[in-house]
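Everything on this sheet refers to the single structure shown next.
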Amino acid sequence: MEKKMVEVCYTPKDYEYFKGRFEIVVVIDVLRATSAICSALNNGVSAVIPVSTIDEAKTYQEKGYLVGAERQGEIVEGFDFGNSPYSYMKPELKGKEIVLSTTNGTRAINIAQEADQVIIGSLVNLEAITNYLIRQNKNVLCLCSGWKDKFNLEDTICGGAISETLINSGNFSSDEDSSVAAKYLYMSAKDNYMGFLKSSSHRRRLKRLNLNKDIKYCLTPNQIDLIPTLQNGKIVKLNN
Ligand code: MLT
């Protein structure tokens, strides 16, 4: 049986070079958008609507939606939440649809929306993602959100974790050097994400904002056993 492809794309800017060859795109934004989305759905939020701009977020807010908006790691003035996973653990959000706009993650999700299937990956739901992808046995692209179309360490390490696990299953292979490099970054980091990612630019940015609790949550793997998936513009829990 021919092996399926699994590759790692470092930023949304490079997505055009990978687009169209992968049935499943896993969007990754470890610090913090995809970790926050996993946390929200795991805590009973019924759907997360990802929007790329603050204007779109404002339009939803005017319609009465609860809206999370983050730029540069901080809550955008005038909105209910930012991008902390802990903001989405509130019991009053159970059963609610919320809207989310972040610097990179929600933009990456919308860039990939034409793919056959878009799922949401992070370290917090890593094992759920890899088990699912192995079962699906389709071509997979790990799309890293990066930082403003630049490479970042944590998303690439998560992409490397996914690609390496799929390759080790025996049913997948990678061709791109980006995937090989992601694998070696993952191999270096996997036993101590917090220690390895001390040098991550976004971790330093969040640390300056006193968001260490968020960092620790987002860098702790396999806390959540669910897969968020994009359906008709809304991110919901996949019934798999
Ligand atoms: C992003 O979407 O760029 C990040 O998640 C930003 C953040 O939450 O700090």
Side-chain angles (χ1 to χ4, degrees), residues 2-35 102-105 107-109 111-112 115 117-134 136-207 215 218-222:
E2 190 185 334
K3 291 190 177 183
K4 297 297 182 184
M5 289 188 297
V6 56
E7 301 294 0
V8 181
C9 173
Y10 288 165
T11 75
K13 173 174 58 60
D14 295 338
Y15 181 61
E16 62 180 297
Y17 306 118
F18 295 85
K19 189 174 178 177
R21 293 190 283 137
F22 303 86
E23 289 92 341
I24 302 177
V25 175
V26 189
V27 179
I28 299 167
D29 187 345
V30 169
L31 291 172
R32 301 167 287 177
T34 57
S35 304
T102 70
T103 311
N104 305 285
R107 178 172 157 264
I109 292 165
I111 283 170
Q117 185 179 15
V118 176
I119 61 176
I120 304 300
S122 65
L123 290 176
V124 299
N125 71 331
L126 181 60
E127 208 165 87
I129 288 283
T130 52
N131 289 340
Y132 174 75
L133 292 171
I134 290 169
Q136 298 309 301
N137 199 36
K138 291 181 179 172
N139 296 312
V140 173
L141 178 70
C142 298
L143 173 58
C144 300
S145 301
W147 181 260
K148 297 186 177 180
D149 277 329
K150 288 182 285 184
F151 169 97
N152 78 14
L153 279 171
E154 61 275 8
D155 294 350
T156 305
I157 284 165
C158 187
I162 293 169
S163 62
E164 178 63 2
T165 305
L166 268 52
I167 289 167
N168 288 344
S169 76
N171 303 335
F172 293 80
S173 66
S174 291
D175 286 336
E176 303 293 344
D177 286 354
S178 61
S179 309
V180 175
K183 161 188 165 172
Y184 286 114
L185 266 179
Y186 160 64
M187 299 301 280
S188 305
K190 66 187 176 71
D191 297 329
N192 180 5
Y193 291 117
M194 284 292 282
F196 188 86
L197 286 163
K198 266 194 187 356
S199 47
S200 144
S201 59
H202 197 43
R203 177 178 170 180
R204 285 185 276 115
R205 192 175 295 115
L206 293 174
K207 192 168 171 18
I215 295 167
C218 295
L219 296 187
T220 303
N222 305 322

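For this chain, numbers begin at 1 and follow the sequence in order. Remember, predicted model here, so these are calculated numbers, not experimental data. All heavy atoms count here, side chains included; hydrogens, waters and symmetry mates do not.
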key: N222 and N125, any side-chain heavy atoms less than 4.5 Å apart   = no
Side-chain heavy atoms of V8 within contact of C144, under 4.5 Å = yes
inquiry  = To the nearest 0.5 Å, what is the distance between OG1 on T34 and CG on L123?
reply    = 8.5 Å
message = Which heavy atom of V124 sits nearest to which heavy atom of S35, and what is that distance?
response = CG2-CA, 4.2 Å
task = Provide the closest heavy-atom pair for S169 versus I134 in the form atom of the first, atom of the second, distance.
result = CB-CD1, 3.8 Å
note = From the list I119, V6, N171, side chain to side chain contact (heavy atoms under 4.5 Å, CB included) with L133 holds only for I119
Partners passing side-chain hydrogen bond (donor to acceptor under 3.5 Å, both in side chains) against R205 (at least two apart in sequence or in another chain) = H202
ask   = What pairs of residues pass the ring pair (Phe, Tyr, Trp, His ring centres under 6.0 Å) test when at least one of them lies in residues 161-180, not counting sequence neighbours?
value = none
ask   = Between atom CG of L31 and atom CZ of R203, what is the distance when rounded to the nearest 0.5 Å?
value = 9.0 Å
ask   = Do side-chain atoms of D14 reach the backbone of Y10 as a donor and acceptor pair under 3.5 angstrom?
value = no
Side-chain donor-acceptor pairs of residues 189-198 under 3.5 Å, sequence neighbours excluded:
from: N192; atom 1: OD1; to: G195; atom 2: N; distance (Å): 2.8

query = Is any side-chain heavy atom of I162 less than 4.5 Å from a side-chain heavy atom of I129?
reply = yes
query = Does E23 have any side-chain hydrogen bond (donor to acceptor under 3.5 Å, both in side chains) partners at least two apart in sequence or in another chain, and if so, which?
reply = N139
message = Please enumerate all residues that pass side-chain hydrogen bond (donor to acceptor under 3.5 Å, both in side chains) together with T130, with sequence neighbours excluded.
response = none
task = Tell me, with the steps shown, if D29 and S122 meet side chain to side chain contact (heavy atoms under 4.5 Å, CB included).
result = CA-CA 7 Å; D29 187 345; S122 65; over 6 Å; no
ask   = What residue pairs, at least two apart or across chains, pass side chain to side chain donor-acceptor pair (under 3.5 Å) with a residue in residues 159-168?
value = E164-N168
Those residues that, when tested against R32, pass salt bridge (Lys or Arg N to Asp or Glu O under 4.0 Å) (two or more places apart) = D214
ask   = Within a strict 4.5 Å, meaning less than it, do heavy atoms of the M5 and V140 side chains meet?
value = no
Listed pairs under 3.5 Å, donor-acceptor, residues 146-155 side chains, sequence neighbours left out:
from: K148; atom 1: NZ; to: Q72; atom 2: OE1; distance (Å): 3.0
from: D149; atom 1: OD1; to: K13; atom 2: N; distance (Å): 3.1
from: D149; atom 1: OD1; to: R107; atom 2: NH2; distance (Å): 3.4
from: D149; atom 1: OD2; to: R107; atom 2: NH2; distance (Å): 2.8
from: N152; atom 1: OD1; to: D155; atom 2: N; distance (Å): 3.0
from: N152; atom 1: ND2; to: E154; atom 2: OE2; distance (Å): 3.2
from: N152; atom 1: ND2; to: D155; atom 2: OD2; distance (Å): 3.1
from: E154; atom 1: OE1; to: S200; atom 2: OG; distance (Å): 2.9
from: D155; atom 1: OD1; to: V30; atom 2: N; distance (Å): 2.8
from: D155; atom 1: OD2; to: S145; atom 2: N; distance (Å): 3.4
from: D155; atom 1: OD2; to: G146; atom 2: N; distance (Å): 3.0

request  = Identify, with sequence neighbours excluded, every residue that meets side-chain contact (heavy atoms from CB on, under 4.5 Å) alongside S173.
outcome  = K3
inquiry  = Ignoring hydrogens, what is the shortest heavy-atom contact between A108 and P12? Give both atom names and the distance.
reply    = CB-CG, 3.9 Å
task = List in chain and number order the residues that pass side-chain contact (heavy atoms from CB on, under 4.5 Å) with A112, two or more places apart in sequence or in another chain; answer none if no residue qualifies.
result = Y15, V25, V27, V118, L143
key: side-chain hydrogen bond (donor to acceptor under 3.5 Å, both in side chains) partners for E176, two or more places apart   = none
task = Nearest 0.5 Å please: distance from the CD1 atom of I111 over to the CD1 atom of I109.
result = 10.5 Å
